[in-house]
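Single-structure report; data block below.
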Amino acid sequence: MRSHLLNDRTAGAYRRTVTAGVEHIAARLAHADRPFTGITPPALAPVVDAVDLDLPLGDTGAALAELDRVYLRDAVYFHHPRYLAHLNCPVVIPAVLGEAVLSAVNSSLDTWDQSAGATLIERRLIDWTAARIGLGPAADGVFTSGGTQSNLHALLLAREEACDGVRKQRGAGLRTAEILPRLRVLASAHGHFSVRKAAALLGLGEEAVVEVPCDAERRMRPAALAAALAQLQRDDLVPMAVVATAGTTDFGSVDPPAQLAEVCAGYGVWLHVDAAYGCGLLVSGRRRHLLAGIERADSVTVDFHKSFFQPVSSSAVLVRDRATLRHATYHADYLNPERMAAEQIPNQVDKSLQTTRRFDALKLWLTLRVMGADGVGALFDEVCDLAGAGWRLLDADPRFEVVVRPQLSTLVFRYVPDGPAGADPALADAANLRARERLAASGAAMVAGTKVDGRHHLKFTLLNPETTTEDLAAVLDLIAAHAADHTGESLVPDVPAASAASADAAAVPAVPAAPAVPAR
């Protein structure tokens with residue numbers, strides 16, 4: 001069994017094994033002519049359950065062939081131009097190379113003595129991102145697992161800063177438990193659900209989140225924020241943080257950072273900007289102005305695995321004042337004793353909510369060193385341009401109604417049945433739901449769904465520069481046909497659904513089994 005350990009004596013076996021795996025995946029990617037097979041949970045679950053995990057195959061080729069049956073054959077392929085559903089991007093090759101390197105070396109980014117150069121690379125990328133935001137010389141941050149963790153981290157810091165502020169005003173003896181019921185977080189209805197989750201995890205309860213009204217473009221209204229803060233003041237409640245969003249999940253709306261920052265400054269409130277989606281604007285050649293004012297934020301979330309075309313996970317939280325990161329600092333004698341801070345040993349665990357942590361920063365590092373920031377920004381501008389073209393298609397098509405003109409790369413729209421059926425909102429809801437289900441079952445394309453004002457809508461999330469307006473038009477035709485079939489307007493075109501029985505032949509040719517790797 002030692003022959004499976006990666007070390008100097010098994011380097012040859014490692015090379016052969018990984019090469020076999022890469023060739024297998026490359027063949028799958030090259031022949032995927034649809035984003036999904038349409039497999040259902042009841043069809044795939046028995047295939048996975050039938051695997052006896054206590055009986056090893058002992059052969060890499062056999063393991064890859066089995067993996068094909070339980071995963072690769074029916075995986076959802078985000079690189080396909082008709083995958084239009086969630087905020088999942090196709091990934092760039094330099095980042096995939098970084099993934100291979102970091103997995104093999106397996107650095108843990110908690111302490112210097114486990115990571116060395118990896119620590120410095122991550123810190124350099126945090127400085128680079130903070131400079132792109134404009135947070136100033138005192139800025140700092142740390143990589144995280146994703147936007148949800150980044151938002152939780154930022155709101156933890158905001159909570160502790162708010163509690164310190166209350167103690168300064170009302171007495172240093174106040175316990176945190178006495179202060180928490182008075183804290184409030186302000187966010188728009190279109191902000192990410194992780195804000196409410198964070199409030200619950202931080203002991204505030206979901207009810208501590210105050211919803212701030214938005215304008216017709218689904219952006220937080222600065223005047224409404226000012227009114228909400230004034231009301232909290234009258235109610236003797238403490239505004240802990242305002243969460244603005246630079247790229248809402250549904251609409252891609254960017255709350256106005258400069259105006260919101262001005263309101264927050266007037267009330268002395270922590271401003272957090274959730275730019276998990278909109279962080280691609282930091283490298284955009286034509287849309288950076290949408291983030292004007294973000295440099296005044298106290299904290300910012302960025303998800304490189306959304307609009308920087310990085311593999312999951314690659315995210316970070318940035319703060320304007322590195323001193324606030326002390327609220328996440330705990331010392332353990334076996335890991336990061338306090339003396340290390342005095343000796344200026346750079347232990348990333350001093351900033352992080354995680355202890356053991358992957359070297360995810362390497363993926364972004366290699367991407368920037370190979371492609372450059374302008375190259376990434378050009379790709380993001382392409383998908384934003386595509387969303388504009390998609391909006392024009394939808395706006396001109398009487399079969400659909402589109403909610404807002406996009407700022408970034410999402411489109412929320414709704415099929416409108418023709419004739420009397422169009423006057424029945426419930427029937428229209430059912431038609432849109434059915435169209436999405438049938439489209440996914442066919443595997444021909446994948447779109448997302450959401451609710452707007454209580455009604456079911458569909459959503460294109462465009463993060464693939466390979467997607468064309470012709471792809472969008474073709475998918476709209478499929479949606480309309482499926483929806484019309486549900487309302488009895490016409491027959492759906494013949495797009496066969498892939499079943500468990502037919503999934504082997506569903507548009508993906510057989511991939512040759514990888515050669516077995518002999519043990520040493």
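Values below: every heavy atom of this structure, side chains too, minus hydrogens, waters and symmetry copies.
Nearest approach of Ala85 to Lys459, heavy atoms of both residues: O-CE, 4.3 Å. Scanning all heavy atoms of the two residues, the minimum distance from Arg320 to Arg296 falls at NH2-O, 3.4 Å.
Taking the charged nitrogens against the carboxylate oxygens, Arg399 and Asp397 do have a contact shorter than 4.0 Å, which makes a salt bridge. A salt bridge is defined here as a Lys NZ or Arg NE, NH1 or NH2 lying under 4.0 Å from an Asp or Glu carboxylate O, and Arg286 with Asp385 meets this definition. A salt bridge does not link Arg218 with Asp250: none of the charged nitrogens is closer than 4.0 Å to a carboxylate oxygen. Residues Arg358 and Glu99 are paired through a salt bridge, judged by an N-O separation under 4.0 Å between the basic side chain and the carboxylate. Between Arg405 and Asp395 there is no salt bridge, since no side-chain nitrogen of the basic residue lies less than 4.0 Å from a carboxylate oxygen of the acidic one.
Residues Leu202 and Leu152 have side chains in contact (heavy-atom distance under 4.5 Å, counting atoms from C-beta outward). Contact annotation: the side chain of Leu386 approaches that of Leu472 to within less than 4.5 Å [non-hydrogen atoms, C-beta and beyond]. Using a 4.5 Å heavy-atom threshold, the side chains of Val319 and Asp298 count as separate. Counting only heavy atoms from C-beta outward, the side chains of Thr148 and His192 approach each other to under 4.5 Å.
Contacts classified as salt bridge (charged side-chain N to carboxylate O under 4.0 Å, His left out) and involving residues 35-45 (residues at least two apart or in different chains) are not found.
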| request: Could you give me the CA-CA distance, side-chain angles and deciding distance for Glu207 and Arg184, then say whether salt bridge (Lys or Arg N to Asp or Glu O under 4.0 Å) is met? | output: CA-CA 9 Å; Glu207 61 275 11; Arg184 295 294 182 269; over 6 Å; no
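Put simply, CG on Asp215 and CZ on Arg221 are 8.0 Å apart, with the number rounded to the nearest 0.5 Å.
Checked against a 6.0 Å centroid threshold, the rings of Phe460 and Phe413 count as neighbours.
Judged purely by atom type and a 3.5 angstrom limit, Asn464 uses its side chain to pair as donor or acceptor with the backbone of His79. Side-chain N or O atoms of Asp471 include none that pairs as donor or acceptor with a backbone N or O of Arg82 at under 3.5 Å.
Atom OH of Tyr71 sits in a sparse spot, with 12 or fewer heavy atoms from other residues, nucleotides or ligands closer than 6.0 Å.
In this structure, Tyr83 and Phe78 have tilted ring planes: the angle between them lies in the 30° to 60° band.
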